[in-house]
Amino acid sequence: MKYYVDSKILESDKPLSLGEIFNKLELGSNVLGAEVEGEVKDFYFNPADESKIYPIFLDNEKSLTLIRHSAAHILAQAVQSIYPDTKVTIGPVIDDGFYYDFYTDRNFTEDDLKLFENKMHEILEKNVSFEKEVINKNEALKIFSNMGETFKEEIINDLDESQEISLYKQGDWFDLCRGPHLPNSTFIKSFKLLSVAGSYWRGDETRESLQRIYGTAFSNPKDLKKHLKIIDEAKKRDHRKLGKELDLFSINDEIGPGLVLWHPNGSVIRNIIENYWREKHIESGYQIIYTPHIAKANLWETSGHLEFYSENMFSQMEIDTNKYQTKPMNCPFHIMIYKNGLRSYKELPIKYAEIGTVYRYERSGVLHGLFRARGFTQDDAHIFCSLDQIEQEVNDVIDLTTEFLKKFGFSEYEIFVSTKPSKYVGSDDEWSSATNSLKKSLDNKSLKYSIDEGGGAFYGPKIDLKIKDVLGRSWQCSTVQVDFNLPKRFDLEYISSNNQRLQPVMIHRAIFGSFERFFGILIEHYGGAFPTWLAPYQLKLLSVSDEQVEYVNDIADNLRSAGIRVDIDNRNEKLGLKIRESEISKVPYIGIVGKNELENETISLRKYGGKQIGELKSNKLLELINDELSGRVDS
RNA sequence: GCUGGCGUAGCUCAGCGGUAGAGCAGCUGAUUUGUAAUCAGCCGGUCGGGGGUUCAAGUCCCUUCGCCAGCUCCA
């Protein structure tokens, strides 16, 4: 046998485990495990001949997998030692930590978390080692059924005959687990239990509900502290909190959950975004349209929404003798405009764009501020084109999308191409050609993407763009979907160059996804301190005393007529207070006018955050802001 | 929808069987103020809604609505 361990080569006449290999190479006690063929493995793993082995030490990011998984086991031990009637289920590693799901009659509380944490420290003081033991299925079933661990029994019963069944022992406690784990618990140096939440056994809401404990662990206290700080920062940036503080929007009980009121401050921002959006879309050859909010149920019958989407639609209402329904999507309306005339190939592509408000029934538990609402406005567009225009059109959509996202400071996103699902309409040829068009467009732009196999909509493949917010959550905003289904259902046609009636393809696309969600993301992205071009007020003028009031009003008038959004504070208050309040409202510029400025006919300018720009004339101030808005100055 | 937690003044929160509280905001007055909180007074709540237990209910119980953390699902 031959093993390649980093730069070293180890030869042996019999197969060795990783632990034995590390021992022979005298790698010392700092090694936690290894990465073999892209997977994290522990000391009990037997690498194949000629394997390349990359040992994992504490400073390696991969160590977190081992640390967190083992921390989850320590948690489970702690919980069972405090509440012995608790049954264990599963405890995997997740992006930022780990969780463990328990079955118990008890409701765990925040106080319990402390209790568990203390117990974990107690267990860790004894410095336990994690020992793997392989057993057969019958033994395993016997052990766990004797213990009353019914969930583990279920797991074992569902295991494939070929799968190895193993226990990991830590002191006098053990768990059914396939690993990998740390060699011993000394590596669990910094951990914290974060929250309790409910979950379901196997994510199935008809099964037992469980108590989930979330925690995180790191290889050193510094990283843990950093992580807790990020959680804290995310809390500060929560758009629901900032939305209230900055008076941007509200969601009111008396109106209904998931329905958003855009306050004047938020509306200023939305209006700017909408105007920019319209301008860019017209430039890019879109035609802006408006459509109603309700339509006859028959339309939704034709479109297939009643068949495929009814659980997301609000109930029908009866008007005269017809049934009507609020729209969950805009597409059928755009289609009807397309169908209003006979179309020629010379017209294609036809691109209809609408800032269209839709209503979707969302289960009450999933509503989440602006991120998840029941009424929201999509920046929707539908491109009607021929099959061979798809690639070009998708190209253009991607260009437009990346341009938009860049404008708002998003340059990092994940891209997914979702392919044919098990239930689909259209021919395999159409699917593969459309999917290839999507891929080609991305390849042309050297954009990296992952394939979401089978994740496409029933009517066609799609590209999804996800941008990441400060919480590290990624949010789907932009989407480009190719659709063969609706043109068929609505019998769309165009007259081709050789005078044939052909069916166009539809491309559904949205860049922001919805104004509500995108606004929520923006609020968190900027932490409420919007850049000057978006800020509800761009400049706040503060008088130092009553004597400057008239002068302040004059400057404000002038700047307003030059298009600057100016707020004034002429109250009889101390300057310190006015500055404090302006800072809290996060206005990008503060202009201070006192005795000196009045005399010199100037304004003292200060940026949000406290940076002094100094005394300048009103026309210079205007120039400075305009330079920033036109992008000539990077602020 | 489900599991758990929580709804007290415009906001943030205290009170957890015995006469509804604080800070901030608001209003009024004094102060004419120079780069993140001037001082004083006043106003403000059927303690989310409904029902019940009790001599007595923010406080205990039931129910309903909403919010929060998750589960599940999505723009």
Side-chain angles (χ1 to χ4, degrees), chain A residues 99 101 103 106-110 112 194-214 235 238 240-241 244-245 247 250-258 309 311-312 328-330 356-358 360-380 464-466 475-479 508 510-521 542-549 571-585 590-597 604-615:
Chain A
Y99 67 79
D101 281 347
Y103 179 76
R106 185 182 299 276
N107 295 323
F108 292 150
T109 62
E110 297 288 318
D112 283 323
L194 296 170
S195 59
V196 205
S199 65
Y200 298 104
W201 172 234
R202 304 200 148 161
D204 179 347
E205 65 183 40
T206 64
R207 297 295 307 267
E208 294 86 341
S209 60
L210 308 171
Q211 297 271 309
R212 175 172 297 180
I213 296 176
Y214 282 95
K235 261 190 205 151
D238 189 311
R240 292 165 300 184
K241 183 170 126 80
K244 203 181 281 184
E245 284 171 9
D247 202 9
S250 63
I251 294 169
N252 187 314
D253 272 20
E254 296 183 56
I255 289 170
Y309 209 71
E311 58 184 38
N312 282 296
M329 291 187 194
N330 303 302
T357 304
V358 297
R360 295 185 188 172
Y361 172 73
E362 298 285 354
R363 298 165 107 190
S364 63
V366 306
L367 299 174
H368 184 98
L370 297 176
F371 285 164
R372 196 73 179 278
R374 282 181 175 160
F376 58 93
T377 307
Q378 294 182 311
D379 63 319
D380 211 356
D464 285 330
L465 249 100
K466 291 186 180 184
W475 285 101
Q476 190 189 312
C477 294
S478 319
T479 182
H508 306 241
I511 291 171
F512 301 133
S514 88
F515 281 91
E516 284 74 8
R517 175 178 291 178
F518 193 72
F519 186 38
I521 293 167
L542 314 181
S543 58
V544 175
S545 74
D546 281 353
E547 285 151 35
Q548 300 92 38
V549 168
R571 288 177 309 165
N572 178 10
E573 294 287 354
K574 292 192 124 179
L575 184 61
L577 180 82
K578 294 186 181 187
I579 287 175
R580 179 184 151 79
E581 290 185 354
S582 304
E583 286 285 336
I584 288 171
S585 75
I590 297 175
I592 292 155
V593 175
K595 211 169 154 190
N596 301 335
E597 288 80 5
S604 280
L605 199 63
R606 168 191 161 121
K607 277 227 81 170
Y608 168 70
K611 191 182 155 204
Q612 301 297 326
I613 295 173
E615 224 178 299

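Predicted, not measured: the structure shown is a model, and the values here were computed from it. Just so we're on the same page: letters track the sequence lines, and every chain starts at 1.
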A.B. asks: Taking B:C16 as the reference, what is the distance to B:A75 when you measure between their C1' atoms (whole Å, please)?
C.D. replies: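 Comparing C1' positions in B:A75 and B:C16 gives a spacing of 43 Å.
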A.B. asks: Just checking A:Thr479: base, sugar-phosphate only, or nothing, at a heavy-atom cut-off of under 4.0 Å?
C.D. replies: nothing
A.B. asks: State the pairing partner of B:C47; accept Watson-Crick or G-U wobble contacts with both distances under 3.5 Å, and report none otherwise.
C.D. replies: none
A.B. asks: Touch check for A:Gly576, heavy atoms < 4.0 angstrom, all strands: base, sugar-phosphate only, or nothing?
C.D. replies: sugar-phosphate
A.B. asks: Counting heavy atoms from C-beta on, name the nucleotide in B:A36, B:G66, B:U3 closest to the side chain of A:Glu583.
C.D. replies: B:A36
A.B. asks: Pairing donors with acceptors under 3.5 angstrom, does anything connect the side chains of A:Lys578 and A:Ser543?
C.D. replies: yes
A.B. asks: For B:G23, give its Watson-Crick or G-U wobble partner with both distances under 3.5 Å, or none.
C.D. replies: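 Pairing partner: B:C11.
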A.B. asks: Once you apply a heavy-atom cut-off of 4.0 Å, does A:Gln476 come out as touching a base, just sugar-phosphate, or nothing?
C.D. replies: sugar-phosphate
A.B. asks: With both distances under 3.5 angstrom, what nucleotide forms a Watson-Crick or G-U wobble pair with B:U59?
C.D. replies: none
A.B. asks: In whole angstrom, give the distance that lies between atom CZ of A:Arg372 and atom C1' of B:C68.
C.D. replies: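 For the pair A:Arg372 CZ and B:C68 C1', the rounded distance is 16 Å.
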A.B. asks: Can you figure out which of B:G66, B:G34, B:A75 approaches the side chain of A:Arg360 most closely?
C.D. replies: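 For the A:Arg360 side chain, the nearest candidate turns out to be B:A75.
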A.B. asks: Watson-Crick or G-U wobble partner for B:C39, using a 3.5 Å limit on both distances?
C.D. replies: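 WC or wobble partner is B:G29.
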A.B. asks: What is the separation between atom CD1 on A:Ile590 and atom P on B:U35, rounded to the nearest whole Å?
C.D. replies: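 So the two atoms are 13 Å apart, to the nearest Å.
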A.B. asks: Among B:U32, B:C71, B:A36, which is the nearest nucleotide to the side chain of A:Ser545?
C.D. replies: B:U32
A.B. asks: Could you report the tightest heavy-atom contact between A:Leu367 and A:Gly258, atom names first, then the distance?
C.D. replies: CD1-N, 4.0 Å
A.B. asks: When you measure from the side chain of A:Ile579, which nucleotide among B:A36, B:A75, B:G34 comes out closest?
C.D. replies: B:A36
A.B. asks: Has A:Phe512 got its ring stacked on the base of B:A75, with centres under 5.5 Å and planes less than 30° apart?
C.D. replies: no
A.B. asks: Is B:G17 paired to anything, Watson-Crick or G-U wobble with both distances less than 3.5 Å, and if yes, which nucleotide?
C.D. replies: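 Matched B:G17 with nothing under the 3.5 Å cut-off.
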A.B. asks: Using a 4.0 Å heavy-atom cut-off, does A:Ser209 contact any base of the nucleic acid, only the sugar-phosphate backbone, or nothing at all?
C.D. replies: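 Sugar-phosphate, no base atom in range.
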A.B. asks: With heavy atoms under 4.0 Å as the rule, sort A:Asn596 into base, sugar-phosphate or nothing.
C.D. replies: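 Base contact - A:Asn596 has a heavy atom under 4.0 Å of at least one base atom.
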A.B. asks: Taking any strand in view, what nucleotide pairs with B:U3 in a Watson-Crick or G-U wobble way, both distances under 3.5 Å?
C.D. replies: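 Across any shown strand, B:U3 pairs with B:A69.
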A.B. asks: Kindly point out which of B:U38, B:U3, B:C71 is positioned nearest to the side chain of A:Gln211?
C.D. replies: B:U3
A.B. asks: Nearest to the side chain of A:Asp546 - B:U32, B:A36, B:C71?
C.D. replies: B:U32
A.B. asks: What's the gap between B:G51 and B:U59 when it is taken at their P atoms, as a whole Å value?
C.D. replies: 14 Å
A.B. asks: Can you check the distance between B:C68 and B:G48, where both ends of the measurement are the C1' atom (answer in whole Å)?
C.D. replies: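 The answer is 15 Å between these two C1' atoms.
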A.B. asks: Thinking salt bridges, do A:Glu573 and A:Arg580 make one under a 4.0 Å N-O criterion?
C.D. replies: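 No salt bridge links A:Glu573 with A:Arg580.
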A.B. asks: If you look at every strand shown and take non-hydrogen atoms under 4.0 Å, does A:Glu362 touch a base, only sugar-phosphate, or nothing?
C.D. replies: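 Here A:Glu362 touches the bases of the nucleic acid.
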A.B. asks: Once salt bridge (charged side-chain N to carboxylate O under 4.0 Å, His left out) is applied, do any residues pair with A:Asp112, and if so which ones, sequence neighbours excluded?
C.D. replies: none
A.B. asks: Any donor-acceptor pair, under 3.5 Å, between the side chain of A:Gln548 and the base of B:G34, if you only look at N and O atoms?
C.D. replies: no
A.B. asks: Report the distance from atom CD of A:Gln612 to atom P of B:G34, rounded to the nearest whole Å.
C.D. replies: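 The answer, rounded to whole Å, is 15 Å.
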A.B. asks: Can you tell which of B:A75, B:G1, B:A69 lies closest to the side chain of A:His368?
C.D. replies: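 The listed nucleotide nearest to A:His368's side chain is B:A69.
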A.B. asks: Work out how far the P atom of B:U38 is from that of B:C43, and round it to whole angstrom.
C.D. replies: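 Result for the P pair: 24 Å, nearest Å.
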A.B. asks: So do the side chains of A:Arg374 and A:Tyr361 get within less than 4.5 Å of each other, counting heavy atoms only?
C.D. replies: yes
A.B. asks: Give A:Tyr214 one of three labels, base, sugar-phosphate or nothing, depending on what nucleic acid heavy atoms sit under 4.0 Å from its own.
C.D. replies: sugar-phosphate
A.B. asks: Looking for any heavy atom pair under 4.0 Å, which part of the strands does A:Lys595 touch: base, sugar-phosphate only, or nothing?
C.D. replies: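 A:Lys595: base contact, heavy atoms under 4.0 Å.
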A.B. asks: Applying a 4.0 Å non-hydrogen cut-off, can you work out what A:Arg517 is touching in the nucleic acid: base, sugar-phosphate, or nothing?
C.D. replies: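 Base, at least one base heavy atom under 4.0 Å.
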A.B. asks: For the P atoms, the ones on B:G10 and on B:G44, what distance do you get once it is rounded to whole angstrom?
C.D. replies: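 It comes out at 12 Å once rounded to the nearest Å.
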A.B. asks: Whole angstroms only, please: what is the CZ-P distance between A:Arg571 and B:U38?
C.D. replies: 10 Å
A.B. asks: Measure from CZ on A:Arg374 to C1' on B:G1 and round the result to the nearest Å.
C.D. replies: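 Answer to the nearest Å: 10 Å.
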A.B. asks: Is A:Ser364 near enough to B:G1 that one of its side-chain N or O atoms lies under 4.0 angstrom from OP1 or OP2?
C.D. replies: yes
A.B. asks: Just compare B:A36, B:A69, B:U3 and give me whichever is closest to any side-chain atom of A:Arg606.
C.D. replies: B:A36
A.B. asks: Go through B:U32, B:A75, B:G1 for me and flag the one nearest to the A:Tyr200 side chain.
C.D. replies: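 Minimum distance to the A:Tyr200 side chain belongs to B:G1.
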A.B. asks: Between B:G49 and B:U8, how far apart are the two C1' atoms, rounded to whole Å?
C.D. replies: 15 Å
A.B. asks: Of all the nucleotides listed (B:A69, B:A75, B:C71), which has the minimum atom distance to the side chain of A:Ser514?
C.D. replies: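 Minimum distance to the A:Ser514 side chain belongs to B:A75.
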A.B. asks: What is the distance from CZ of A:Arg240 to C1' of B:C11, rounded to the nearest Å?
C.D. replies: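 The answer, rounded to whole Å, is 17 Å.
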